[in-house]
There are 2 protein chains.
Amino acid sequence: MNIEKAASQLEALGNVTRLQIYRALVRAGEEGLPVGRLQEKLDIPGSTLSHHLKRLVDTGLVVQDRQATTLICTANYSHMNALIGYLVDECCADQGCDGPRTRVVA
Amino acid sequence: MNIEKAASQLEALGNVTRLQIYRALVRAGEEGLPVGRLQEKLDIPGSTLSHHLKRLVDTGLVVQDRQATTLICTANYSHMNALIGYLVDECCADQGCDGPRTRVVA
DNA sequence: ATACTATTTCCACAATCATCGAAATATGTC
DNA sequence: GACATATTTCGATGATTGTGGAAATAGTAT
């Protein structure tokens, strides 16, 4: 994880529609959701949804897997964990934190 | 915390320059850093820095406190903690997570 | 008041983003 | 092949963002 990747993942989540998408996928669990079901749930045009999904997939936060004609989307927990880990370590957010956990180079 | 606030905070952090600013402030700890020191560290024009700082302050992630002519900026841990908490709870990111921690209303 | 430092606001501009209808593509079925 | 469904790409448009120089403001000291 580096600062550029963290920033791009944060940016991907930093949009209400995309955060809704991601949340829906997390709640759907391991089996995920087809694009069509996401579209129903969020009630947005397919082209808009596809556009947002692409951004989430590009950053690695969401994974897609074709199953016949439908595309199943799932939240990629490991990437989210890495992001949270970065925020906690680099940009420490722990309650009792009083400095970075790793030695600062410069 | 609601989804709009979480998204706007994520968006605020979703920019390399702003994430650098935030990280520098976290590393500076409780005493924070004056705007001028931030400007030296990041080597960017004052107007650009001021613009980014405003976004971080608006979302509550950074707090500013005047000390004579200099403005001291500090990272607001409580807001970051709330954000992380939201991500972990609503958009669960724990390793062993297999669903939301709270009951889903709809 | 003047001068000085710190920071912001104003202004402009190029770049990126969000949106969505229409057309195109992918996959499977008959 | 023809057809149906699922999803993406194309193309256009308005809105927002990132950037930074120049001017303005805030605060302090002399």
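Proteins get letters first, then strands, A, B, ... in listed order; numbering begins at 1 in each.
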Problem - Positions of residues 62-75 of chain A (non-hydrogen atom under 4.0 Å from DNA chain D), listed by number - result: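 Residues of residues 62-75 of chain A that come under 4.0 Å of DNA chain D are, in numerical order, Gln64(A), Thr69(A), Thr70(A), Leu71(A).
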Problem - Touch class at under 4.0 angstrom, heavy-atom based, for Arg37(B) against every strand present - result: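 Since no nucleic acid heavy atom lies under 4.0 Å of Arg37(B), the category is nothing.
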Problem - Student check: side-chain heavy atoms of Gln64(A) and Leu53(A) closer than 4.5 Å - result: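 Answer yes - side chains close enough.
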Practice task
Determine whether Thr74(A) and Leu25(A) make a side-chain contact, defined as any pair of heavy atoms from C-beta on separated by less than 4.5 Å.
Solution key: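 SC-SC contact between Thr74(A) and Leu25(A) ruled out.
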Handout entry: Asn2(A), CG: over 12 other non-hydrogen atoms inside 6.0 angstrom
Key =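 It does: Asn2(A) CG has more than 12 such atoms within range.
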Practice task
Can you establish whether the number of heavy atoms outside Glu31(B) located under 6.0 Å from its atom CD is more than 12?
Solution key: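 No - once you tally the heavy atoms of other residues, nucleotides and ligands closer than 6.0 Å, there are 12 at most.
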Check: [Y] main-chain N/O paired with [X] side-chain donor or acceptor under 3.5 Å:
| X | Y | answer |
| --- | --- | --- |
| Asn76(A) | Val63(A) | no |
| Gln9(A) | Thr59(A) | yes |
| Arg18(A) | Ala12(A) | yes |

Exercise for the section: Could you point out which residue of Leu61(A), Asn15(A), Thr17(A) forms a side-chain contact (heavy atoms from CB on, under 4.5 Å) with Tyr22(A)? Expected result: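 Considering Leu61(A), Asn15(A), Thr17(A), a side-chain contact (heavy atoms from CB on, under 4.5 Å) with Tyr22(A) is found only for Leu61(A).
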Problem - Close approaches to DNA chain C from residues 44-61 of chain A, in residue order (heavy atom, under 4.0 Å) - result: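 DNA chain C contact set from residues 44-61 of chain A: Pro45(A), Ser47(A), Thr48(A), His51(A), His52(A), Arg55(A).
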May I have the distance from [X] (atom [atom1]) to [N] (atom [atom2]), rounded to whole angstrom?
| X | N | atom1 | atom2 | result |
| --- | --- | --- | --- | --- |
| Glu11(A) | dT17(D) | CD | C1' | 10 Å |
| Leu10(A) | dT17(D) | CG | P | 16 Å |
| Gln39(A) | dG21(C) | CD | C1' | 13 Å |

Exercise for the section: Compare side-chain N and O positions of Asn15(A) against OP1 and OP2 of dA18(C) and report whether any pair is under 4.0 Å apart. Expected result: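 Yes, within the criterion.
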Practice task
Check whether any side-chain N or O of Arg18(A) sits under 4.0 Å from OP1 or OP2 of dA18(C), and answer yes or no.
Solution key: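 Checking dA18(C) against Arg18(A), a side-chain N or O does come within under 4.0 Å of OP1 or OP2.
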